[in-house]
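What's counted below: heavy atoms across the whole structure, side chains too, no hydrogens, waters or symmetry copies. Numbers here simply count residues along the sequence, with the first being 1.
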Amino acid sequence: MATPLSDIPASPLKTVAVVGLGTMGTGIAEVLAKAGREVVGIDISGAAAAKAVAALETATARAVERGRLTEKERADALARVRTSTDLRAAADADLVIEVAPESYEIKHQIFRELDGIVGPGTILATGTNALSVTRLAADSARPERVLGLHFFNPAPAMKLVEVVSSVLTAPQAVAAVTDLAVELGKEPVAVGDRPGFVADGLLFGYLNQAAAMYEAKYASREDIDAAMRLGCGLPMGPLALLDLIGVDTARTVLEAMYAESRDRLHAPAPILKQLSEAGLTGRKSGRGFYTYEAPGSATIVPDALTPLSGSLDVPARPVRTVGVAGSGTMASGIAEVFAKAGYEVVLAARSEEKAQAAKARIGKSLSRSVDKGRLTAQAAAQTLDRITAAGSYEAFADVDLAVEAVAEDLEIKQQLFATLDKVCRPGAILATTTSSLPVVACARATSRPQDVIGMHFFNPAPAMKLVEVVRTVLTADDVHATVREVCVKIKKHAVDCGDRAGFIVNALLFPYLNNAIKMVQEHYASLDDIDAAMRLGGGYPMGPFELLDVVGLDVSLAIERVLHREFRDPGLAPAPLLEHLVAAGCLGRKTGRGFREYARR
């Protein structure tokens with residue numbers, strides 16, 4: 001019989017029962033067996049149990065082929081796994097991990113039956129990512145031994161494990177499963193009981209907004225996904241990820257989150273209900289936001305919504321010379337991009353000195369590329385020669401395309417566009433790189449609003465592949481066609497979107513960052529745990545607080561305010577903690593202190 005909970009020593013969990021042998025349960029069983037645990041796999045379906053054993057045999061054979069296991073280690077791991085269709089097989093387990101379907105009724109039934117089967121010291125863990133651990137614990141005979149143990153799919157590969165405590169959970173139980181997670185090679189994060197916990201709590205709000213954005217026909221599914229991959233470095237776009245997770249699963253998680261938070265950002269987008277009820281649940285059904293080669297396939301195939309390839313019907317205007325207005329990092333980066341692509345570039349600023357300093361910055365950037373072997377010295381010299389520094393916007397008289405990259409201030413931009421309207425020749429295209437201001441407001445400062453468009457580059461412009469192409473209701477078709485063609489020539493991936501706050505990337509990114517700040521503000525989880533959860537559980541290249549400190553808290557607050565003002569959603573109101581830090585001058589890395597402190601250079 002298992003050890004009484006109060007007497008649990010460090011890491012006693014030698015025999016573990018896994019209830020539910022779907023993909024997740026099978027993956028958890030594999031992790032446990034390879035780490036030397038005795039595993040009892042239980043499923044009401046004998047076919048599911050047999051399938052799990054076959055999957056384990058295949059996975060461990062693949063590990064041997066890749067040199068990650070020896071044949072003996074494989075044989076030993078498989079020998080440690082036995083399966084059953086009877087819950088009573090969990091009688092001698094030190095830990096039971098339940099990964100049954102996301103249904104209170106099913107999980108309650110399992111926990112009630114386990115109460116009469118396992119010993120008094122056995123820890124009962126639920127793998128839920130959406131349901132209340134407290135509610136499950138309260139109905140147990142011994143609620144102090146019930147907790148959440150949330151693995152991420154695929155369990156053998158994903159490092160994150162969220163250890164979820166309710167107000168009833170005994171500290172010894174938390175300590176025991178945390179130690180186990182470490183011994184399994186995982187990184188445990190301690191969190192409280194609320195729907196979605198940390199990783200899914202942040203992730204699903206973002207996925208929901210992406211679904212709503214697509215449903216509103218603001219941008220195509222391909223452009224939304226490409227924007228978040230290329231603009232944020234994410235491994236998958238949000239709509240493709242919803243298909244992988246399962247549209248029905250996402251809807252269940254969001255329903256649970258909304259029931260708890262009443263935040264409109266968590267209210268499932270209607271399209272999730274429509275797809276779920278139509279059986280279009282994503283990869284597993286062969287169709288969701290995208291269409292797949294077959295149920296379970298990862299291969300996307302063209303369907304009626306797939307954009308037609310090939311050139312646009314509208315002829316583009318010729319572009320040979322490009323003017324870039326500004327002297328900051330973004331302006332010099334954009335000038336470098338165009339010059340590398342063979343365009344003659346005029347880099348103009350408010351003074352000759354500022355323009356020459358910006359050109360010098362480009363020279364240093366090109367030298368670094370030469371040192372890293374990405375560019376020849378000759379190509380670097382030719383690129384720099386194509387850039388002319390000017391201390392006046394009068395130098396834009398003959399450019400075919402003028403791109404402004406000045407301060408993110410509407411009044412400053414409108415003044416500049418009024419100037420460009422006077423100095424640029426008729427037919428020249430005028431583009432703004434704004435990330436949050438209305439493009440049409442810049443256009444209305446000119447006598448030719450049909451020639452104005454948004455080209456939102458991402459920083460650093462030479463490295464980032466994405467450009468958001470923003471049409472206003474006044475932008476001419478040939479202007480749009482020209483900018484799309486130019487993006488191809490400068491080797492950037494263009495995505496189309498309308499003229500509203502945040503465009504695609506910032507409209508989806510900054511509410512996610514704001515929600516992370518609210519988690520810290522509410523003392524739900526620490527900065528470090530949230531950052532680790534999103535890197536390890538969400539595949540993000542940086543955690544939200546790392547990213548906020550890099551972007552700048554003042555910049556982030558400004559974007560949050562613009563989004564809140566545009567959409568009027570209470571859930572988009574900037575977190576007070578962000579406002580307090582900005583008021584205190586803690587702006588991130590650039591000031592040496594933001595959410596974290598940094599060494600002064």
Side-chain angles (χ1 to χ4, degrees), residues 20-30 41 43-63 65-66 83 99-103 127 129-130 151-158 200 203-204 207-208 210-211 213-215 219-230 234-254 268-310 538-539:
L21 294 176
T23 303
M24 181 60 82
T26 302
I28 294 170
E30 180 186 337
D43 198 290
I44 56 171
S45 163
K51 185 178 177 182
V53 170
L56 287 171
E57 289 172 348
T58 301
T60 52
R62 197 160 48 236
E65 287 172 15
R66 294 174 179 173
T83 62
V99 275
E102 289 290 273
S103 158
N129 67 339
F151 287 78
F152 287 74
N153 202 16
M158 299 295 278
D200 286 351
L203 178 65
F204 278 87
L207 296 177
N208 191 40
M213 179 181 280
Y214 172 68
E215 185 172 20
S220 71
R221 59 192 180 181
E222 289 82 2
D223 280 355
I224 291 170
D225 280 355
M228 298 313 292
R229 286 198 321 272
L230 300 174
L234 298 178
M236 292 183 79
L239 303 179
L241 183 54
L242 279 164
D243 276 356
L244 175 62
I245 292 167
V247 175
D248 52 341
T249 301
R251 181 186 167 203
T252 300
V253 174
L254 286 163
I271 193 171
L272 298 177
K273 179 180 179 181
Q274 293 157 18
L275 290 172
S276 296
E277 292 186 349
L280 307 179
T281 53
R283 283 193 192 181
K284 59 190 174 187
S285 71
R287 188 176 161 198
F289 285 95
Y290 295 91
T291 301
Y292 298 86
E293 199 169 51
S297 170
T299 304
I300 294 173
V301 296
D303 59 21
L305 298 175
T306 303
L308 297 174
S309 57

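- Using a 4.0 Å cut-off between a side-chain N of Lys or Arg and a carboxylate O of Asp or Glu, Asp303 and Arg221 qualify as a salt bridge.
- Side-chain contact between Val253 and Asn129 is present, with at least one heavy-atom pair separated by less than 4.5 Å.
- For Glu30 against Leu56, the heavy-atom pair with the smallest separation is CB-CD2, 3.4 Å.
- Not counting sequence neighbours, the partners of Asp43 by the side chain to side chain contact (heavy atoms under 4.5 Å, CB included) test are Leu21, Ser45, Ala48.
- Between Leu254 atom CG and Thr249 atom OG1 the span is 11.0 Å, to the nearest 0.5 Å.
- When side chains are defined from C-beta on, Phe289 does not count as touching Leu305, because their heavy atoms never get closer than 4.5 Å.
- Between Phe204 and Ile245 there is a side-chain heavy-atom pair separated by less than 4.5 Å.
- Under the side-chain hydrogen bond (donor to acceptor under 3.5 Å, both in side chains) test applied with Tyr290, the options Asp225, Thr306, Thr299, Asp243 reduce to a single match, Asp225.
- Rounding to the nearest 0.5 angstrom, the gap separating the CD1 atom in Ile224 from the CE atom in Met213 is 6.0 Å.
- Between the side chain of Ser285 and the backbone N or O of Gly279 there is at least one donor-acceptor pair closer than 3.5 Å.
- Closest non-hydrogen pair, Ala211 versus Ala269, comes out as CB-CB, 4.1 Å.
- Legend: salt bridge (Lys or Arg N to Asp or Glu O under 4.0 Å) pairs involving residues 273-287, not counting sequence neighbours, sorted by first then second residue: Asp248-Lys284, Arg251-Glu277.
- Across all non-hydrogen atoms, the minimal contact from Leu272 to Val247 is O-CG1, 3.6 Å.
- Crowding of Ile300 atom CD1: a count of heavy atoms from other residues, nucleotides or ligands under 6.0 Å exceeding 12.
- Shown here for Ala250 and Leu242, the closest heavy-atom pair between the two residues is CB-CD2, 3.5 Å.
- Summarising the geometry of Gly237 relative to Arg229, their closest heavy-atom pair is N-CG, 3.6 Å, with the distance given to 0.1 Å.
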Trace of the side chain to side chain contact (heavy atoms under 4.5 Å, CB included) decision for Leu241 with Leu203: CA-CA 10 Å; Leu241 183 54; Leu203 178 65; 4.0 Å; yes
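- Contact detail for Gly127 and Val99: the closest heavy-atom pair is CA-CG1, 4.1 Å.
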